[in-house]
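Residue numbers run from 1 in the order of the sequence given. Since the structure is predicted, the reported quantities are computational estimates derived from the model, not experimental observations.
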Amino acid sequence: MRRLFVAALAAAGLAGTLAHDSHNVSRRKTLSFGPVHPHASYHTNPVYHTSLLRASEDPLDVARLFVEDLVRDIRGSDFVVRKDSYTDEATGITHAYVRQYINGIEVADGDINVNIKDGVVLSYGDSFFRPKTTTTFNVADAVSSKVDPHADYCRTLEDEIASQLRQVDRTSRKAPVEASALEQLSYLYEWNCNFVDAPDIMAQDIEFSAAEDVASRDISRALLQFMLAATPSEDLQQEIMDDPSKFIPKMHVSFEHHMSEQPFFTIENAPDAVNPVKGRLAFIQVPEGNSTTLQLVFKFEVEMKDNWYEAAVSAEAPHRIISVVDWASDSPVPVAPVPKDSEGATYNVFAWGINDPSVGERSIQKENFDALASPLGWHALPYANDPHSESVRPKDASKIRNTTTTWGNNVFAHEDWEGRNNWVNNYRPDAGSSKAFDFKYSPKKTDTTDALEEAQKYINATVTQLFYTSNLVHDLFYRYGFNEVSGNFQQHNFGRGGQENDAVIANAQDGSGYNNANFMTPPDGQNGRCRMYLWNTANPYRDGDLEAGIVIHELAHGLSTRLTGGPANSGCLGWGEAGGMGEGWGDFLATTIRSNKNYSDYAMGSWAANRDNGIRNYPYSLNETVNPSTYQTLDKPGYWGVHAIGEVWAQILWVVSQKLIEKHGFVDDLFPPKPLEDGTIPEGDFYRKAEFTADGKPKPLVPKHGNSLIFQLVLDGMKLQPCRPSFFDARDAIIAADQALTGGENLCELWEGFAARGLGVDAAVKNRTPWGGGVRTNGHALPKQCKKAGEPEPPTEPAPGDGDDDGDDDDWPWLQWVVEKTAVFSWSWRL
Ligand SMILES: *[C@@H]1O[C@H](CO)[C@@H](O)[C@H](O)[C@H]1NC(C)=O
Ligand SMILES: *[C@@H]1O[C@H](CO)[C@@H](O)[C@H](O)[C@H]1NC(C)=O
Ligand SMILES: *[C@@H]1O[C@H](CO)[C@@H](O)[C@H](O)[C@H]1NC(C)=O
Ligand SMILES: *[C@@H]1O[C@H](CO)[C@@H](O)[C@H](O)[C@H]1NC(C)=O
Ligand SMILES: *[C@@H]1O[C@H](CO)[C@@H](O)[C@H](O)[C@H]1NC(C)=O
Ligand SMILES: *[C@@H]1O[C@H](CO)[C@@H](O)[C@H](O)[C@H]1NC(C)=O
């Protein structure tokens, strides 16, 4: 397998250049793959027994009754309505998250999300396991399955690399796009596959003291096997393979037993993990034909320096990693090489709306916090929630600690020149009692050897900027519904629900890399971590902290990960279309925030990357020559990685947003009006009351303008969509969000936007693989009620299938034909 990788690089003229960061692009080793769920579905028009549901007032009871009815045929299956379910006060929609259990063991990817309003189920997503036969499921079947998604993934990747190589050969030497597609595939392969043949540590003869019980030993071996795959250190890999018995006896497993649940366990001293690893026993589903079978796995949460993994390792054959999600998301790597008003704080910064130093000057800005989102302002938090103050904590820990540094309830910002994981005592600027964060920023051109030192001279200014931008993003997201119950990032939650002690840890000028940025999103209640880097793309270096678009992109990972599938599930945007949209939302929100009344195209990250088109293939644009991306673009070489997929999604959303702006106009300030003294929110020129009202309930406030409305619908859509959403699911969720908020006023504008870039009602996909493969067909058709003269007719024959318009393959009979005509590739799982 290594041979293939090396051959690929050699043929592309890349050998010897990739192994180290030739272009000074930091590439963090990251693993991500997992089984596809052929049976998963999202229904925006569900059929159910109204009488049954109306029997109950409590929306969680409605969810319970609904799911009971939905899954009554699955023998031996049980479920819990997860505790992170919540009701969104702004929309009145309850988002219930339901997890499946079989024979008392959790099915880690058996998820149902039910969206309920006024006793009615608006939509639901469903990936529950359903056995093929109606006989009771036998656990023994789960440990004897021979399905190996990891090996299948690597085989398919090999085929793709081979196919790319043939094309490179044929055109004799590379075309740039092919070279970069190949480069990307090669990285995927090296990271995810070069351990697929690693020796099975379980199979080795290791002596144990009699005191060690079998369960602990098996857990340790499985975890060590995972660390072998996950560590970026080749030396450590070698050490593990040479002598696993050096590590295993040190890895202490302690069990935590619960009354009604499977025990959890904690493993200490796993090599390369920076904290004790959490684990539990679970089932996971692997595909078999058009349904799934179960595998018994150890589910681990592994925090490493550059990664935070949620991994499922087969309990029977621990050399098999069944799925792995990295809670850390990178920002984009360039595709081609690049040569309390009066007493509040003030900041000398690039003001909100100035994307980067190329488009404006710094000025003095106030601590303009939103009283709903940040009731204490940005520089205060209760001693009880302050990681700093353990030694000085007063008796009454609820007392508020006021700070004069970049340390508050939403964000802890500081330098991290060493690029390490410690952060509490890292340097941060102190503005003293005046709280005037006014620091120098005047980098000069220097010798290359001095460029880093030159950048470090303005650390005060850059940490200030990162703190300012991150707090505004917190407040903005909050006002559109990313609040405590939906899993936002705060140390203290003001008694409003959700898990606490999870403000964003924001590292400026992080020394662990150049020319990048990343964000780690563990489940609600654990701190998110944002790492911003310097970019050595120019002299003086450029500092990513000063480019708002990059900071917003990173923080949006926290938003989309916590909102999709519920606050306690960070595994819903791991790879493929779902992972791609995780990137795309960040670009879209960043671009929307920087845009103004005068329409303009925008490129992502172009200042930091010192490149007109920025870090993507194309700027975001309505012009199809400038940005030709459509749904079908995902089939092209180079579109297997989440960033390329995300670029397509962001472009589609950009087109959709312009449709709404055409209809509703544009508001200059995306921040909703501040609340009045009594806490009510005035309409101002920002909101209008919805036209429709459900059962005499107060009419909800609807953002009046196109750009604020799309912002709202995108966030609401994240809450409505299922775990591991496809493009179709996310599109349908945005349309469902408009239905819930406005009664569907914008149905046709939304569909027009999606259809313009191939996501119309007749769009289709066959053989979608979890990481991006498949055969897609653009669809430009609108639903019947939106049709204008001269537009393509969707098929007139009623389609067989599930009867909904959710883009399932079965919605359109002629698709079979289209797909057969175009099915040159077959990316189906080889089982
Ligand atoms: C990469 O960065 C290092 C350190 O900043 C510098 O010495 C080197 O010249 C850079 N290489 C390239 C190819 O830009
Ligand atoms: C799944 O596949 C089996 C056999 O391949 C077929 O009989 C069955 O109808 C399929 N089920 C669905 C829901 O497509
Ligand atoms: C922090 O400031 C608030 C008002 O801004 C005040 O009520 C509180 O007492 C201060 N906390 C301390 C410990 O001084
Ligand atoms: C940062 O600001 C502090 C004052 O708060 C000052 O003492 C220090 O020299 C500044 N650091 C740099 C690198 O300018
Ligand atoms: C929009 O364009 C007009 C006319 O060119 C200009 O006067 C105005 O300042 C621009 N507005 C913004 C927000 O850039
Ligand atoms: C689209 O962009 C191309 C290339 O920049 C340009 O030639 C063309 O005029 C643009 N079309 C429109 C409608 O602006």
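Here the closest non-hydrogen pair linking T564 and P725 is CG2-CD, 4.0 Å. Minimum interatomic distance between I284 and A312 (heavy atoms only, all atoms of both residues): CD1-CB, 3.7 Å. Nearest heavy atom pair, residue A315 against residue L281, reads CB-CD1, 4.5 Å. G576 and V642 get closest at one heavy-atom pair: O-CG1, 4.1 Å. Of all heavy-atom pairs between A650 and G584, the closest is CB-O, 3.4 Å. Pairing each heavy atom of V98 with each of F79, the nearest pair is CG1-CD1, 3.5 Å.
Rounded to the nearest 0.5 Å, atoms CE (M581) and CG (L573) are 7.5 Å apart. Here the straight-line distance linking atom CG of D243 with atom CE of M241 works out to 12.5 Å at 0.5 Å rounding. Note that the CD atom of E268 and the CG atom of N275 stand 10.5 Å from one another [nearest 0.5 Å]. C193 SG to I161 CD1: the interatomic distance, rounded to the nearest 0.5 Å, is 7.5 Å. In this structure, the separation between OG on S32 and CH2 on W191 is 9.5 Å, given to the nearest 0.5 Å. Rounding to the nearest 0.5 angstrom, the gap separating the OG atom in S77 from the CZ atom in F129 is 9.0 Å.
When side chains are defined from C-beta on, V302 does not count as touching W308, because their heavy atoms never get closer than 4.5 Å. By the 4.5 Å heavy-atom criterion applied to side chains, S323 and P35 are counted as neighbours. No side-chain heavy atom of H252 sits under 4.5 Å from any side-chain heavy atom of I267. L563 has its side chain within reach of F482: a pair of non-hydrogen atoms, C-beta onward, lies under 4.5 Å apart. Considering only heavy atoms from C-beta on, V277 stays 4.5 Å or farther from T266 through its side chain.
No side-chain N or O of N113 forms a donor-acceptor pair with one of H95 less than 3.5 Å apart. Between N290 and H39, the side chains place no donor N or O within less than 3.5 Å of an acceptor N or O (distance only, hydrogens not considered). One side chain, Y639 or N617, offers a donor N or O that lies under 3.5 Å from an acceptor on the other. Side-chain atoms of Q721 and D729 form no donor-acceptor pair, as typed in the model, at a separation below 3.5 Å. A donor-acceptor contact closer than 3.5 angstrom links the side chains of T231 and D272. Defined by atom type and a distance below 3.5 Å, a donor-acceptor pair is missing between the side-chain atoms of R531 and N507. Side chains of D510 and S512: a donor-acceptor N/O pair is present below 3.5 angstrom, by distance only. Side-chain contact check for S726 and Y42: no donor-acceptor pair (N or O, by modelled atom type) lies under 3.5 Å. Side-chain contact of D326 with T30: a donor-acceptor pair under 3.5 Å is present, judged by distance alone.
Although no hydrogens or angles enter the test, the distance criterion places no donor-acceptor pair under 3.5 Å between the side chain of N269 and the main chain of M251. Side-chain N or O atoms of E106 include none that pairs as donor or acceptor with a backbone N or O of Q100 at under 3.5 Å. Not a single donor-acceptor pair under 3.5 Å links the side chain of D587 to the backbone N or O of H553. Formation of a donor-acceptor pair under 3.5 Å by the D635 side chain with backbone atoms of R776 is found in this model. Without hydrogens or angle criteria, S570 side chain to T521 main chain gives a donor-acceptor distance under 3.5 Å. With hydrogens and angles disregarded, a donor-acceptor distance shorter than 3.5 Å links the side chain of E577 to the backbone of F727. The closest donor-acceptor contact from the side chain of N569 to the backbone of C723 lies at 3.5 Å or more, if one exists at all. Between the side chain of D84 and the backbone N or O of A568 there is at least one donor-acceptor pair closer than 3.5 Å. Under the 3.5 Å distance criterion, the side-chain polar atoms of S127 are matched with a main-chain donor or acceptor of D109. The backbone N or O of A503 sits less than 3.5 Å from a side-chain atom of N527, completing a donor-acceptor pair.
The side-chain tip of R731 does not point at the ring of Y631 from less than 6.0 angstrom away and within 45° of straight on.
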Exercise for the section: Could you walk me through whether R320 and Q225 pass the side chain to side chain contact (heavy atoms under 4.5 Å, CB included) test, one step at a time? Expected result: CA-CA 9 Å; R320 278 197 207 155; Q225 195 84 48; over 6 Å; no
Exercise for the section: Test salt bridge (charged side-chain N to carboxylate O under 4.0 Å, His left out) on E160 and R155 and set out the steps. Expected result: CA-CA 9 Å; E160 178 65 10; R155 267 201 299 275; over 6 Å; no
Exercise for the section: Could you give me the CA-CA distance, side-chain angles and deciding distance for F283 and F128, then say whether ring-ring contact (aromatic ring centres under 6.0 Å, His included) is met? Expected result: CA-CA 11 Å; F283 285 126; F128 264 33; over 10 Å; no
Handout entry: side chain to side chain contact (heavy atoms under 4.5 Å, CB included) assessment of F226 paired with L31
Key = CA-CA 11 Å; F226 177 71; L31 308 177; 4.2 Å; yes
Practice task
Tell me, with the steps shown, if V297 and V313 meet side chain to side chain contact (heavy atoms under 4.5 Å, CB included).
Solution key: CA-CA 5 Å; V297 296; V313 181; 5.9 Å; no
Handout entry: Steps toward salt bridge (charged side-chain N to carboxylate O under 4.0 Å, His left out) verdict (R724, D111)
Key = CA-CA 10 Å; R724 295 171 292 273; D111 292 302; 3.0 Å; yes
Practice task
Determine, step by step, whether F247 and I240 satisfy the side chain to side chain contact (heavy atoms under 4.5 Å, CB included) criterion, reporting the C-alpha distance in whole Å, the side-chain angles of both residues, the deciding distance to 0.1 Å, and the verdict.
Solution key: CA-CA 7 Å; F247 298 91; I240 294 173; 3.8 Å; yes
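Of the residues Y189, Y309, Y153, the one that meets the ring-ring contact (aromatic ring centres under 6.0 Å, His included) test with F33 is Y153. Between D524 and the options K83, R82, R562, a salt bridge (Lys or Arg N to Asp or Glu O under 4.0 Å) holds for only R562.
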